[in-house]
J.: 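Okay, handing you the structure first.
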Amino acid sequence: MPHKSTKNPLTPIKPRSLRLPPQNVAQALLGTYLVRNLNSCNTLVIRIVETEAYLGQTDPASHAYQNKRTPRTQTLYLNGGHAYIYLIYGLHNCLNVVTGNNTNGDAVLIRAGEPIEGRDIMIANRNLTRSATPRQIAGGPGKLCQALAIDRTLNAIPLDNPDAPLYLAQGTPVKKSQIIAGPRIGIDYAGEAKDWPLRYAIRNHPALSKPF
DNA sequence: CGGAAGATCCACT
DNA sequence: GTGGATCTTCCGA
């Protein structure tokens, strides 16, 4: 049996809650836990504090825009609840949660998280020191993946299995009044879509990738 | 088969 | 605020 923290029992997320529109899922994922099982003794946990919705076929910023099918984007057309992980700028991995149940290519990018368990290992993975801030550790999609040792070898796995190397677990819901929305980051190429308010975060959280 | 671009991060000014 | 790193992915010829 894998060792589990007794003070913080983690319940896997219900896939049903991910088979909804990406805007809904992006907000619902705020406050939930992302769990990385490294081996039988080491578990890393981050609380998700910032997300972005990508609207699949109808979104110029999405890799699935106009139903584009390439070897890389196949994962986006899986059922909701799978991980879509890709390499960006030749350097950084980005983690998405595929959403919906109609193979639209919808997904939610996990942009930032707050270290909950295994902070020392995250700091080592990020080549930081003990004085590192939450924003330095996982305040950005590439940083978050590096902190949790997430790369493309985990692409396309389901995220509801607590025995898998990576899964989502239920957290404490975030009040609607604490959620802020704004334009997405790094998509200047996407024309009008660059202003769509599909970036969501916990208001004023110290681990956000950028202020609103 | 060449070339351009990229859902980022960091160091430097 | 600016530019470089770094390499996969994709498109067009």
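All chains are named by letter (A, B, ...) in the order of the sequence lines, taking the proteins before the strands, and each is independently numbered beginning at 1. Any value given below was found using the heavy atoms of this structure, including those in side chains, with hydrogens, waters and symmetry copies removed. Just so you know, these numbers come straight off a predicted model, no measurement behind them.
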J.: Can A/Glu114 and A/Arg47 be counted as an ion pair, charged N to O under 4.0 angstrom?
T.: yes
J.: Considering just the side-chain nitrogens and oxygens of A/Arg126, establish if one lies under 4.0 Å of OP1 or OP2 belonging to B/dT8.
T.: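 Checking B/dT8 against A/Arg126, no side-chain N or O comes under 4.0 Å of OP1 or OP2.
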J.: Send over the distance from A/Tyr65 OH to B/dA7 P, rounded to a whole Å.
T.: 15 Å
J.: Supply the atom-to-atom distance A/Arg36 CZ to A/Ile121 CD1, rounded to the nearest 0.5 angstrom.
T.: 11.0 Å
J.: Over how many whole Å does the gap from A/Gln66 atom CD to C/dC11 atom C1' extend?
T.: 14 Å
J.: Can you confirm if the aromatic rings of A/Tyr86 and A/His63 lie within a centre distance of less than 6.0 Å?
T.: yes
J.: Got a donor-acceptor contact below 3.5 angstrom from the A/Asn101 side chain to the A/Gly80 backbone?
T.: no
J.: Expressed in angstrom and rounded to an integer, what is the separation of A/Asn93 atom CG from B/dC9 atom C1'?
T.: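 Rounded to whole Å, this separation is 13 Å.
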J.: Students often get this wrong, so: under 4.0 angstrom with heavy atoms, is A/Arg199 touching a base, only sugar-phosphate, or nothing?
T.: nothing
J.: What nucleic acid atoms does A/Gly142 come within less than 4.0 Å of, heavy atoms only: base, sugar-phosphate, or nothing?
T.: sugar-phosphate
J.: Output the rounded distance in Å from CG (A/Asp151) to P (B/dT8).
T.: 18 Å
J.: Which one, C/dC10, B/dC9, B/dA7, comes nearest to the side chain of A/Tyr84?
T.: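 Nearest to the side-chain atoms of A/Tyr84, counting from C-beta on, is B/dA7.
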J.: Check whether any side-chain N or O of A/Arg111 sits under 4.0 Å from OP1 or OP2 of B/dT8, and answer yes or no.
T.: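 Yes.
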J.: With a 4.5 Å cut-off on side-chain heavy-atom distances among I, L, V, M, F, W and Y, is there a chain of contacts connecting A/Leu91 to A/Ile150?
T.: no
J.: Report yes or no: is the ring centroid of A/Tyr189 under 5.5 Å from the six-membered base ring centroid of B/dG6, with the two planes under 30 degrees?
T.: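 A stacking contact does not exist, since A/Tyr189 is not both close and nearly parallel to the base ring of B/dG6.
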J.: Taking the minimum atom-to-atom distance to the side chain of A/Ile187, which one of B/dA7, B/dC9, C/dC10 wins?
T.: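 Output: B/dA7.
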J.: Please report, rounded to the nearest Å, how far the C1' atom of B/dA7 is from the CG atom of A/Asp59.
T.: 10 Å
J.: Whole angstroms only, please: what is the CD1-P distance between A/Ile150 and B/dA7?
T.: 18 Å
J.: Any side-chain heavy atom of A/His82 sitting closer than 4.5 Å to one from A/Asp160?
T.: no
J.: Of A/Gln146 and A/Gly186, whose closest DNA chain B nucleotide lies nearer the 5' terminus?
T.: A/Gly186
J.: Classify the nucleic acid contact of A/Arg69 as base, sugar-phosphate or nothing, counting any heavy atom under 4.0 Å across all strands shown.
T.: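 Nothing, no heavy atom under 4.0 Å.
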J.: Go ahead and write out DNA chain B as dot-bracket, 5' to 3': ( ) for pairs within the strand, [ ] for ones crossing earlier pairs, | when the partner sits on another strand, dots for unpaired; Watson-Crick or G-U wobble, both distances under 3.5 Å.
T.: ||||||.|||||.
J.: Contact class for A/Leu91 (heavy atom, under 4.0 Å): base, sugar-phosphate, or nothing?
T.: base
J.: Rounded to whole Å, how long is the line connecting atom CD of A/Gln136 with atom P of B/dC10?
T.: 8 Å
J.: Is A/Lys194 touching bases, backbone alone, or none of the nucleic acid, heavy atoms closer than 4.0 Å?
T.: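 No contact.
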J.: Can you tell me, in whole Å, how much space there is between the P of B/dA5 and that of C/dG3?
T.: 16 Å
J.: Does A/Asn39, at its CG atom, have more than 12 non-hydrogen atoms belonging to other residues, nucleotides or ligands within less than 6.0 Å?
T.: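 Enclosed.
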J.: Among the candidates C/dT8, C/dC10, B/dA7, find the nucleotide nearest to the side-chain atoms of A/Arg152.
T.: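 Nearest listed nucleotide: C/dT8.
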J.: Within the supplied structure, the quantity of interest is the number of heavy atoms (other residues, nucleotides, ligands) at a distance under 6.0 Å from A/Arg203 CZ; does it exceed 12?
T.: yes
J.: From the set B/dC10, B/dA7, C/dC11, return the single nucleotide nearest to any side-chain atom of A/Lys143.
T.: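 Out of B/dC10, B/dA7, C/dC11, the nucleotide with an atom closest to A/Lys143's side chain is B/dC10.
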J.: State whether A/Arg72 places a side-chain N or O below 4.0 Å from either non-bridging phosphate oxygen (OP1 or OP2) of C/dC10.
T.: yes
J.: Quickly work out the A/Lys210 NZ to C/dG1 P distance and round it to whole Å.
T.: 11 Å
